[in-house]
Amino acid sequence: MDFRLTEEHEMMRKMIRDFAVNEVEPGAAERDENEEFSRELFDQMGKIGITGIPWPEEYGGEGADYLSYVIAVEELSRVEASAGTTLSAHISLCSWPIFKFGTEEQKQKYLQPLSKGEKLGAFGLTEEQAGTDAAAQKTTAVLDGNEYILNGTKIFISNAGDAEIYVVFAMTDPEKKAKGISAFIVEKDTPGFTFGKKEKKMGLRSSPTLELIFEDCRIPKENLLGQEGEGFKIAMSVLDGGRNGIAAQAVGIAQGALDAAVDYAKQRQQFGQPIGNFQAISFMLADCATKIEASRLLTYQAAFLENEGLPYSQASSMAKLYAAETAMEVTTKVVQIFGGYGYTREYPVERFMRDAKITELYEGTSEVQRLVISRNLLKG
Amino acid sequence: MNFNLSAHHQRKREEYRQFTQEHIKPRAKEIDEKKMFPREALQEMAARGYMGLPLPREWGGKGDDFLSYVLLIEEISKACPSTGGILSVHTSVGTYPILYYGTETQKNKYLSRLASGEWLGAFALTETQAGSDAGAISTTARLEDEYYYLNGSKVFITNGGEADVYTVFATIDSSIGKKGITAFLVDKDTPGMLIGTKEEKMGLNGSTTVELVFEDARIPLNNRLGKEGEGFPIALSLLDGGRIGIAAQALGIASASLEIALDFTRQREQFGQKLFDFQGVSCTLADYFTRLEAAKLMVYRAGWLKSRGEKCTKESSMAKVMATDLAMDASSKSVSLMGARGGLKEYHVEKYFRDAKVTQIYEGTNQIQRMVIAREVLN
């Protein structure tokens with residue numbers, strides 16, 4: 001065992017933290033207020049080399065590993081959870097399946113610009129009636145000559161509207177149910193592909209969440225990702241890895257909130273002393289710090305396992321479950337420590353609390369993580 | 001980073017598992033029910049070098065590292081938390097102080113016998129009025145003609161009555177507070193040292209917990225450990241290692257109780273299906289196994305840091321809080337998941353539940369751990 005980050009990882013963290021503090025944090029509150037996505041920030045992420053952080057250089061990536069990737073998501077989320085979502089949806093949900101299942105041509109055409117940050121990626125699986133029950137897809141894809149014709153609607157799609165490249169799931173053979181689902185790469189501006197309503201959310205307000213509408217949308221046959229019928233398997237394997245990105249986001253949110261609370265507890269005076277001197281406050285800080293450390297170890301462990309090519313489904317589900325619940329608990333306690341000030345937008349902690357909730361919901365609810373974990377317990 | 005146990009540690013863990021199956025598990029129930037001190041098990045452990053596992057070979061130890069020691073306590077505690085606790089107290093606070101602070105003569109006499117397991121060690125700091133506030137001890141040590149005379153009493157001394165040597169803390173000058181505290185090595189047959197009340201406990205029935213009474217107990221000058229007034233820093237320096245040991249014990253308790261509950265719920269049927277097939281059961285177990293994994297990483301990391309001689313105060317306290325709170329919660333939940341059978345001796349899980357509680361209390365209550373963590377976080 002070795003619980004140290006390598007020097008490369010430490011340097012990477014410092015570089016990303018500097019970027020987060022100098023470039024992301026200053027506008028975070030305003031973007032949240034205005035529900036505004038910043039493409040410029042994504043472009044900057046491309047310039048510092050994190051939009052393709054885990055991919056080989058031949059595909060435009062940085063050639064780093066999954067641990068570097070989760071550190072990047074963590075550090076962005078420490079100042080702005082929405083920025084963490086932008087990167088994790090881009091890498092885990094869109095780039096990852098193209099890297100794993102794409103043909104060489106697809107990788108050159110799509111992964112290259114995604115990695116370099118020239119294009120933004122998104123992922124369309126969820127539908128109104130297919131949330132946790134992701135196999136209940138209604139969107140259809142019918143082969144017509146050299147094209148598939150897509151019809152249906154996807155909801156809750158992160159990065160939608162701004163993204164140029166979408167990995168979309170549709171039924172090619174409804175009778176086969178889960179085994180009739182296929183994955184496709186769809187470009188923005190494809191005729192028949194439009195965007196529906198933009199969701200108004202409690203948190204992650206600078207990360208856009210939209211509907212994708214497909215009306216006789218024709219996409220070239222070569223944009224099928226993997227084999228026909230392989231879509232559900234692709235989606236599930238995407239989520240295994242994606243969960244770890246969300247775990248990292250949750251760690252970052254919780255750490256950002258705790259850092260703010262520690263500063264506040266040292267400065268805020270009541271009864272003639274800093275409130276951090278009171279055990280009612282300091283024990284909360286101790287519990288928060290302990291759970292964050294445990295969340296981080298679980299998250300890094302899952303990334304390590306993925307790097308090593310070892311099974312990581314159980315580890316990433318545990319990491320996401322634990323880290324997401326920790327983020328919710330920590331941010332709620334941190335608002336409590338700030339008292340009335342914590343409830344105002346003068347401080348960032350109410351934003352952290354609103355942002356934390358989604359980590360228990362997306363890329364598999366906490367309930368789904370428990371199902372995954374309990375199934376694995378039966379195997380073990 | 002590398003989250004895999006090394007080949008060495010994997011081999012060792014397997015060895016400890018086999019040892020536990022053969023020598024610890026068969027008698028664990030009897031030890032609890034009859035409140036038997038596991039003398040035979042300790043002899044078997046001594047024969048394998050387990051009583052001085054992380055201590056240097058030159059002093060009779062096995063020369064392995066602290067992470068192996070953590071794995072050993074965890075595995076033994078899965079079967080018998082009493083034995084795990086005895087080992088932890090013997091090693092972390094009964095033996096290490098002599099390695100750290102002993103003179104050559106003291107090491108020759110005591111360390112080699114403790115590390116080899118020939119002798120058993122104990123640690124006596126707590127008093128009735130000095131629990132968490134360990135600096136408030138009132139046992140006195142008076143120097144007269146090459147001897148210290150100890151007067152006072154110590155309570156809740158693990159391994160008491162069974163140990164061959166005790167590291168005892170007393171003050172040479174109560175007017176200077178903590179700065180008067182001094183450590184002594186006290187042999188079991190020292191005139192004036194008596195074994196007082198033997199506590200009846202809810203759990204850890206295999207390990208002894210006694211009061212030590214000192215009535216002009218005569219300690220040779222050469223048995224002072226460290227300098228006069230150095231006692232409190234000595235006690236504090238042992239805490240990290242002690243906490244990691246108890247965290248490992250708690251990990252074993254949590255793990256064993258959850259495995260019993262998992263097995264039970266996979267067999268037991270109600271409403272025509274296995275209990276485990278109800279989400280109310282399987283999701284609960286998923287939560288606890290997740291916390292177990294988290295606690296394990298925290299404990300192994302603290303052990304790993306200690307192996308490397310790095311500062312690990314925050315990490316040790318965090319590991320202890322996580323693992324011991326989990327041991328209590330997991331064993332309690334395991335009893336619940338098994339219904340009325342959970343409360344029966346036959347199913348063993350009630351024993352883990354009783355044994356778990358003290359892990360939240362001894363070697364620094366979890367409130368003290370939170371004070372330590374908060375101090376580290378705020379500074």
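Just so it is clear, the structure is predicted and the values come from calculations on it, not from any experiment. Proteins get letters first, then strands, A, B, ... in listed order; numbering begins at 1 in each.
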**Partners passing side-chain contact (heavy atoms from CB on, under 4.5 Å) against Val335(B) (at least two apart in sequence or in another chain)** = Val349(B), Phe353(B)
**Message:** Test: ring-ring contact (aromatic ring centres under 6.0 Å, His included). Region: residues 305-334 of chain B. Which pairs qualify, not counting sequence neighbours?
**Reply:** none
What are the atom names and distances for all donor-acceptor pairs below 3.5 Å between chain A and chain B?
{"residue": "Met1(A)", "atom": "N", "partner": "Asn4(B)", "partner atom": "O", "Å": "3.2"}
{"residue": "Met1(A)", "atom": "O", "partner": "Trp304(B)", "partner atom": "NE1", "Å": "3.0"}
{"residue": "Asp2(A)", "atom": "N", "partner": "Asn2(B)", "partner atom": "O", "Å": "2.8"}
{"residue": "Asp2(A)", "atom": "O", "partner": "Asn2(B)", "partner atom": "N", "Å": "2.8"}
{"residue": "Arg4(A)", "atom": "O", "partner": "Met1(B)", "partner atom": "N", "Å": "3.3"}
{"residue": "Lys266(A)", "atom": "NZ", "partner": "Leu378(B)", "partner atom": "O", "Å": "2.9"}
{"residue": "Asp287(A)", "atom": "OD1", "partner": "Arg370(B)", "partner atom": "NE", "Å": "2.6"}
{"residue": "Asp287(A)", "atom": "OD1", "partner": "Arg370(B)", "partner atom": "NH2", "Å": "3.2"}
{"residue": "Asp287(A)", "atom": "OD2", "partner": "Arg370(B)", "partner atom": "NE", "Å": "3.2"}
{"residue": "Glu293(A)", "atom": "OE1", "partner": "Arg301(B)", "partner atom": "NH1", "Å": "2.7"}
{"residue": "Glu293(A)", "atom": "OE1", "partner": "Arg301(B)", "partner atom": "NH2", "Å": "2.8"}
{"residue": "Gln301(A)", "atom": "NE2", "partner": "Glu293(B)", "partner atom": "OE2", "Å": "3.0"}
{"residue": "Arg370(A)", "atom": "NE", "partner": "Asp287(B)", "partner atom": "OD1", "Å": "2.8"}
{"residue": "Arg370(A)", "atom": "NE", "partner": "Asp287(B)", "partner atom": "OD2", "Å": "3.0"}
{"residue": "Arg370(A)", "atom": "NH2", "partner": "Asp287(B)", "partner atom": "OD1", "Å": "3.4"}
{"residue": "Leu378(A)", "atom": "O", "partner": "Arg266(B)", "partner atom": "NH2", "Å": "3.2"}

**Message:** Heavy-atom count check: over 12 atoms from other residues, nucleotides or ligands less than 6.0 Å from Gln336(A) CD?
**Reply:** no
**Request:** Heavy-atom pairs under 4.5 Å with chain B are the metric here; pick the option from Leu297(A), Leu371(A), Ile373(A), Ile281(A) that has the most.
**Result:** Leu297(A)
**Fill in**
Those residues at least two apart in sequence (or on a different chain) that pass side-chain contact (heavy atoms from CB on, under 4.5 Å) with Pro56(B) are Glu58(B), Trp59(B), Leu99(B)
**Request:** Classify the angle between the aromatic ring planes of Phe304(A) and Phe3(B) as parallel (below 30°), tilted (30 to 60°) or perpendicular (above 60°).
**Result:** tilted
**Message:** Is it true that, when you exclude Phe278(B) itself, more than 12 heavy atoms of the residues, nucleotides or ligands shown sit nearer than 6.0 Å to its CZ?
**Reply:** yes
**Message:** To check you understand the geometry: which heavy-atom pair defines the closest contact between Gly276(A) and Leu378(B), and what is its length?
**Reply:** O-CD1, 3.6 Å
**Prompt:** Quick one: what part of Leu305(B) sits under 4.5 Å from any heavy atom of chain A, side chain, backbone, both or neither?
**Reply:** neither
**Request:** Sort Leu377(A) into side chain, backbone, both or neither according to what part of it lies under 4.5 angstrom from a heavy atom of chain B.
**Result:** both
**Request:** Could you look at Leu297(B) and say if it's the side chain, the backbone, both or neither that has a heavy atom under 4.5 Å from chain A?
**Result:** both
**Prompt:** With only heavy atoms counted, which part of Leu67(A) is less than 4.5 Å from chain B, the side chain, the backbone, both or neither?
**Reply:** side chain
**Prompt:** If you round to the nearest 0.5 Å, how far is CZ of Phe276(B) from CG of Leu378(A)?
**Reply:** 4.0 Å
**Asked** With a 4.5 angstrom heavy-atom cut-off, which part of Leu310(A) approaches chain B: side chain, backbone, both or neither?
**Response** side chain
**Item:** Among Ala315(A), Ala289(A), Ala286(A), residue most engaged with chain B (heavy-atom pairs, under 4.5 Å)
**Value:** Ala286(A)
**Asked** Looking at Cys283(B), Ala295(B), Ala319(B), which makes the most heavy-atom pairs under 4.5 Å with chain A?
**Response** Cys283(B)
